[in-house]
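Please read the structure below before turning to the comments.
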Amino acid sequence: MTFSEVIIDWYRQNKRELPWRKTTDPYKIWLSEIMLQQTRVDQGLPYYLAFEKAFPTVFDLADATEEKVLKLWQGLGYYSRARNLHHTAGYIARERKGEFPSSYKELLKLKGVGDYTASAIASISFNEASPVVDGNVYRVLSRYFGIDTPINSGRGIKYFKELAQELIDKEDPATFNQGIMEFGAVQCKPRSPLCSECPLNAGCVALKDNLVDQLPVKIRNARIKHRYFNYLIVHNEHRTLLFQRREKDIWQHLYEFPLVETEKPMSEEEIISHPQFKELIGENRFEISLYNKENVVHKLSHQHIHATFWIVYLKNDIEGGIRKSRIKEYPVPVLIANFVREYEF
DNA sequence: AAGCCGGGGAT
DNA sequence: ATCCCAGGCTT
C-alpha cells in the first residue's frame, strides 16, 4: 500500500464522528477550520455547536454584531479569528450573495484564511487536491521520512508543503487531508506516540533511528513577558465602569474594567496616587480595598499577566457606567470572567 | 524572518 | 514547568 492508502485506510477505521464531518457545506467547513486553528478539537467542539445553532448560515453570522460574535467566542482565545470571521461573513453574504470562493487560490484571499485553511476548505468542500500542512502533518511527515528541517523555518514550510503535495490522494484529497491530520492527533501524537501498533511503523525512519521524540524540529520562540495589570473595579450600588480594549494589544475589542498597567506590583498608596487613578476618580470620595490578596497570574502562551483587582466604591453617580446586572452580556477575557464570577458584586 | 495573538490539556 | 494544539497577520 502507498502512504496515502495507509492513511485513508486507517482514517476510515479510526475517525472520530464530528459534526463538521457530516457535511461539505463550505460555510460549516470554514467555520470549523477557523475555530480549530491552534485549538484542540475537544476545546473547539462546544463553540462550534454554539455557533452552528446561533448562526445556521453565513447570512445569520453576517447580520450579527461583532460584540455578539465575540461573546460567543469568549474563552476560545485568539480573538482576531472571531473578528476576521465576522468580517469575512459580511463580505461573503453581501458581496458574494452567500457564495464562497471554490478554489485554494481564491479562498486564500479571504481575511483570516491562510495557507492551511484555504487548502482545508478547497479539499473538503470542493475536492481540490491541495494539501493541508498543520501541526499534525508536520509531525507525521517529519517522523515518517526522518526530516529534521525546522518546521517553522521558511525552508521547512516550503519543503513540507511540497512533500504533502506529492503524497496527497488526487482522487480523494478530502479524506487524505483529514486522515493525515487525524492520524497525527490520535496515533502519531507529540508525546508517547503509538508506534508499536502503527500501520506505518515498518517504513518510519524516526522509529528505525530512534528519533521519534526528537522530531519534528522546531525553532524556539520568544521568551515570556511579564506584565502587571491593576484593574479598578469602580462601582456604586448599581453601576460599574467597563471599557472596550481598542489598542493594538491582546484582547482587542473585548471589555474590561479600567486598567492601570505598571512595571511592577503596586501598593494601595501607589495606585491611588497614579495619574490614571486620579483622572478616573477625580474629586469623588471613594473607599478602596484590595480584592485578591494573592497575585492572580493569568498565563498566556507568550506573556504572564499579573493581575490585581482593586475595589473602588463610590457613593455618587458613575458617568458612563454600565448596570452591574448586565455585565455578563459583554465579551470579556477569561481573566475578567473569572473575577466577575467570583466577586458577584 | 521574527514577533504577536489565548486558553487549556497533557506530560 | 514545558510543549503544543485542524495558524494567520503584522512588521
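Here is how names work: the chains are called A, B, and so on, in the same order as the sequence lines, proteins then strands, and each is numbered from 1. Being a predicted model, the structure only gives us computed values, none of them experimental.
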Residue met sooner reading DNA chain B from 5', once A/His298 and A/Asn152 are mapped to nucleotides: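 On the 5' side of the pair lies A/Asn152.
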For [X] and [N], what is the distance between atoms [atom1] and [atom2] respectively, to the nearest whole Å?
X: A/Leu45; N: B/dG7; atom1: CG; atom2: C1'; value: 16 Å
X: A/His226; N: C/dA1; atom1: NE2; atom2: C1'; value: 12 Å
X: A/Ile224; N: B/dG7; atom1: CD1; atom2: P; value: 14 Å
X: A/His302; N: B/dG3; atom1: NE2; atom2: P; value: 13 Å
X: A/Asn338; N: B/dG8; atom1: CG; atom2: C1'; value: 12 Å
X: A/Gln214; N: C/dC3; atom1: CD; atom2: P; value: 13 Å
X: A/Asp42; N: B/dA10; atom1: CG; atom2: P; value: 8 Å
X: A/Leu70; N: B/dC5; atom1: CG; atom2: P; value: 16 Å

Ring pair (Phe, Tyr, Trp, His ring centres under 6.0 Å): pairs with one or both residues in residues 173-192 of chain A, sequence neighbours excluded: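 As it turns out, the ring pair (Phe, Tyr, Trp, His ring centres under 6.0 Å) pairs with a partner in residues 173-192 of chain A, which skip direct neighbours, are A/Trp10-A/Phe183.
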Filter on ring pair (Phe, Tyr, Trp, His ring centres under 6.0 Å), then keep only pairs touching residues 107-138 of chain A, sequence neighbours left out; what's left?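 As it turns out, the ring pair (Phe, Tyr, Trp, His ring centres under 6.0 Å) pairs with a partner in residues 107-138 of chain A, which skip direct neighbours, are A/Tyr138-A/Phe160.
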Tell me, please, which residues at least two apart from [X] pass ring pair (Phe, Tyr, Trp, His ring centres under 6.0 Å).
X: A/Tyr47; value: none
X: A/Phe243; value: none
X: A/His235; value: A/Tyr313, A/Phe345

Take atom CD in A/Glu319; do more than 12 heavy atoms of anything else shown fall under 6.0 Å from it?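 Atom CD in A/Glu319 is not packed in, count stays at 12 or less.
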Quick tally for nucleotides 4-11 of chain C: nucleotides whose base has a protein heavy atom under 4.0 Å get B, sugar-phosphate-only ones S, the rest -, giving BBBBSSSS
Please list, chain by chain and in numerical order, all residues satisfying salt bridge (charged side-chain N to carboxylate O under 4.0 Å, His left out) with A/Asp172, sequence neighbours excluded.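 A/Arg12.
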Which word best sums up how the rings of A/Tyr228 and A/His306 line up, parallel for under 30°, tilted for 30 to 60°, or perpendicular for over 60°?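 Rings of A/Tyr228 and A/His306: parallel, under 30°.
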A/Trp73 side chain near B/dG6 phosphate (N/O to OP1/OP2, under 4.0 Å):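 Checking B/dG6 against A/Trp73, no side-chain N or O comes under 4.0 Å of OP1 or OP2.
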How far does the C1' atom of B/dG3 sit from the matching atom of C/dA6, given to the nearest Å?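 Going atom to atom, C1' in each nucleotide, I get 23 Å.
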Quote, to the nearest angstrom, the P distance that separates C/dC9 from B/dG8.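 Taking atom P in both C/dC9 and B/dG8, they lie 24 Å apart.
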Just call it for [X]: base, sugar-phosphate, or nothing, with non-hydrogen atoms closer than 4.0 Å on any strand.
X: A/Gln303; value: sugar-phosphate
X: A/Val132; value: nothing
X: A/Leu76; value: base

Residues forming a side-chain contact (heavy atoms from CB on, under 4.5 Å) with A/Arg81, sequence neighbours excluded: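 With neighbours one apart ignored, the set is A/Ile34, A/Gln37, A/Thr39, A/Trp73, A/Leu76, A/Tyr78.
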Sequence neighbours left out, what passes side-chain contact (heavy atoms from CB on, under 4.5 Å) with A/Lys170? Give chain and number order.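 Counting only residues at least two positions away or on another chain, A/Lys170 forms a side-chain contact (heavy atoms from CB on, under 4.5 Å) with A/Ala129, A/Ile168.
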With A/Trp251, the side-chain contact (heavy atoms from CB on, under 4.5 Å) member among A/Leu70, A/Val332, A/Ile336, A/Leu335: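 By the side-chain contact (heavy atoms from CB on, under 4.5 Å) criterion, A/Trp251 pairs with just one of A/Leu70, A/Val332, A/Ile336, A/Leu335: A/Leu335.
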Could you identify which residues of residues 122-129 of chain A place a heavy atom less than 4.0 Å from some atom of DNA chain B, listed by residue number, or say none?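 None, since no heavy atom is under 4.0 Å.
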Wobble G-U and Watson-Crick pairs count when both distances are under 3.5 Å; given that, what is the 5' to 3' dot-bracket string of DNA chain C, with | for pairing to other strands? |||||.|||||
Using a 4.5 Å cut-off between side-chain heavy atoms of Ile, Leu, Val, Met, Phe, Trp and Tyr, which other residues end up in the same hydrophobic cluster as A/Leu211?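 When side chains under 4.5 Å apart are linked, the cluster holding A/Leu211 also contains A/Leu215, A/Val217.
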